[in-house]
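Residues take their numbers from the sequence shown, with the count starting at 1. Keep in mind that the numbers below use all heavy atoms, side chains included, and drop hydrogens, waters and symmetry copies.
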Amino acid sequence: MELNEMEKRLLYQTEGSEWYAVLHELAMASRYAKDPDRRKAADSLIKKLNFLTDGECMEIVYDIRKNYRLPKGSRTVGEMLAEARQRSGAEQLKGHDIMALERFDPEVCYMVIFEVLSGDSFAGSKGDRVRLFLTDTGYQKFKERQEQGEIRIENHAKVTPEGHLYYDHSRDMDCTR
């Protein structure tokens with residue numbers, strides 16, 4: 001797929017780990033961009049990516065995130081964050097972004113990062129690493145799924161009503177607020 005410089009720059013800044021999340025970010029860039037060239041590039045990119053499968057789209061996105069280099073000149077905050085993410089080599093998790101709106105839902109009590117161990121899991125493919133924000137009931141179900149060998153919880157934190165994360169490295173956390 002042929003991408004122009006502005007389209008590469010836009011993809012470089014996306015944070016989504018799935019096709020629909022990347023398209024949503026591009027739609028927001030199109031809607032709120034003050035620069036008409038940026039808006040036009042976002043619309044063009046949406047049309048190009050819209051007909052791809054999730055795997056095909058994310059292959060292009062991951063390649064851009066890994067190999068694209070910004071030209072010299074001024075940088076936006078989004079570009080600086082993308083550059084830092086690229087330098088760190090941090091793995092992009094599937095599921096909720098670290099600043100997802102779900103994090104600030106008053107019902108949410110926990111954040112979990114887990115690995116999918118089973119090929120027939122509800123949460124993804126075997127080997128996927130996923131971050132989700134969960135209610136107390138959802139967290140209990142995840143603990144049951146871990147006992148059944150479907151997933152392995154790697155990290156978890158309590159989420160306050162304001163969205164602050166408090167990591168407790170013991171296995172048992174309760175959701176008393």
Side-chain angles (χ1 to χ4, degrees), residues 10-34 42 45-46 49-50 52-55 57-58 61-62 65 76-86 88-177:
L10 283 170
L11 267 187
Y12 178 70
Q13 294 180 66
T14 61
E15 292 186 17
S17 60
E18 291 160 339
W19 172 82
Y20 70 88
V22 170
L23 287 180
H24 179 72
E25 285 183 55
L26 292 171
M28 292 298 106
S30 171
R31 174 182 261 173
Y32 295 109
K34 294 179 181 173
L45 199 48
I46 290 168
L49 299 177
N50 205 24
L52 299 178
T53 66
D54 183 57
C57 175
M58 294 316 298
V61 171
Y62 291 142
R65 288 179 186 165
T76 66
V77 171
E79 289 169 342
M80 289 187 284
L81 289 171
E83 207 169 50
R85 185 174 56 243
Q86 186 182 54
S88 77
E91 178 188 359
Q92 184 82 18
L93 299 175
K94 293 193 173 193
H96 295 145
D97 182 73
I98 193 66
M99 293 304 290
L101 292 176
E102 291 84 356
R103 177 176 175 166
F104 304 97
D105 183 327
E107 298 295 312
V108 167
C109 301
Y110 301 98
M111 183 275 308
V112 295
I113 296 174
F114 61 95
E115 180 180 0
V116 178
L117 302 176
S118 170
D120 60 345
S121 174
F122 71 98
S125 303
K126 186 174 182 175
D128 284 349
R129 292 188 66 231
V130 183
R131 174 192 302 112
L132 292 177
F133 292 95
L134 304 169
T135 63
D136 192 37
T137 305
Y139 183 66
Q140 298 308 318
K141 289 180 183 177
F142 266 72
K143 289 190 340 189
E144 291 170 13
R145 288 189 166 134
Q146 179 170 259
E147 289 173 13
Q148 296 166 357
E150 187 177 338
I151 63 166
R152 181 174 51 87
I153 297 174
E154 296 177 350
N155 203 343
H156 63 282
K158 187 171 181 185
V159 181
T160 67
E162 299 81 29
H164 299 289
L165 299 178
Y166 290 95
Y167 291 89
D168 179 3
H169 300 288
S170 71
R171 294 319 277 165
D172 295 317
M173 295 173 59
D174 65 351
C175 190
T176 55
R177 293 183 177 237

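- Of all heavy-atom pairs between G95 and L132, the closest is CA-CD2, 4.2 Å.
- Annotation for E18 and K94: closest pair OE2-CB, 4.1 Å, computed over non-hydrogen atoms.
- Here the closest heavy-atom approach between residue N155 and residue Y167 is recorded as OD1-CD2, 3.5 Å.
- Applying the ring pair (Phe, Tyr, Trp, His ring centres under 6.0 Å) rule to Y12 yields the partners Y68; only residues at least two apart in sequence or on another chain are considered.
- For CG of L101, the number of neighbouring non-hydrogen atoms (other residues, nucleotides, ligands) closer than 6.0 Å is 12 at most.
- Ring centroid separation for the pair Y110 and F133 does not come in under the 6.0 Å cut-off.
- Electrostatic pairing of E115 and R152 counts as a salt bridge here, judged by a charged N lying under 4.0 Å from a carboxylate O.
- Smallest separation of non-hydrogen atoms from L117 and K126: O-CE, 3.4 Å.
- Residue A42 comes nearest to L26 through the heavy atom pair CB-O, 3.7 Å, listed as atom of the first residue, atom of the second, then distance.
- Contact record, I113 with R129: CG2-NH2, 3.7 Å, taken as the closest heavy-atom pair.
- Remark: Y62 pairs with S17, M58, R65, Q92 by the side-chain contact (heavy atoms from CB on, under 4.5 Å) rule, at least two apart or across chains.
- Scored by the side chain to side chain donor-acceptor pair (under 3.5 Å) test, Y32 finds no partners at all (sequence neighbours excluded).
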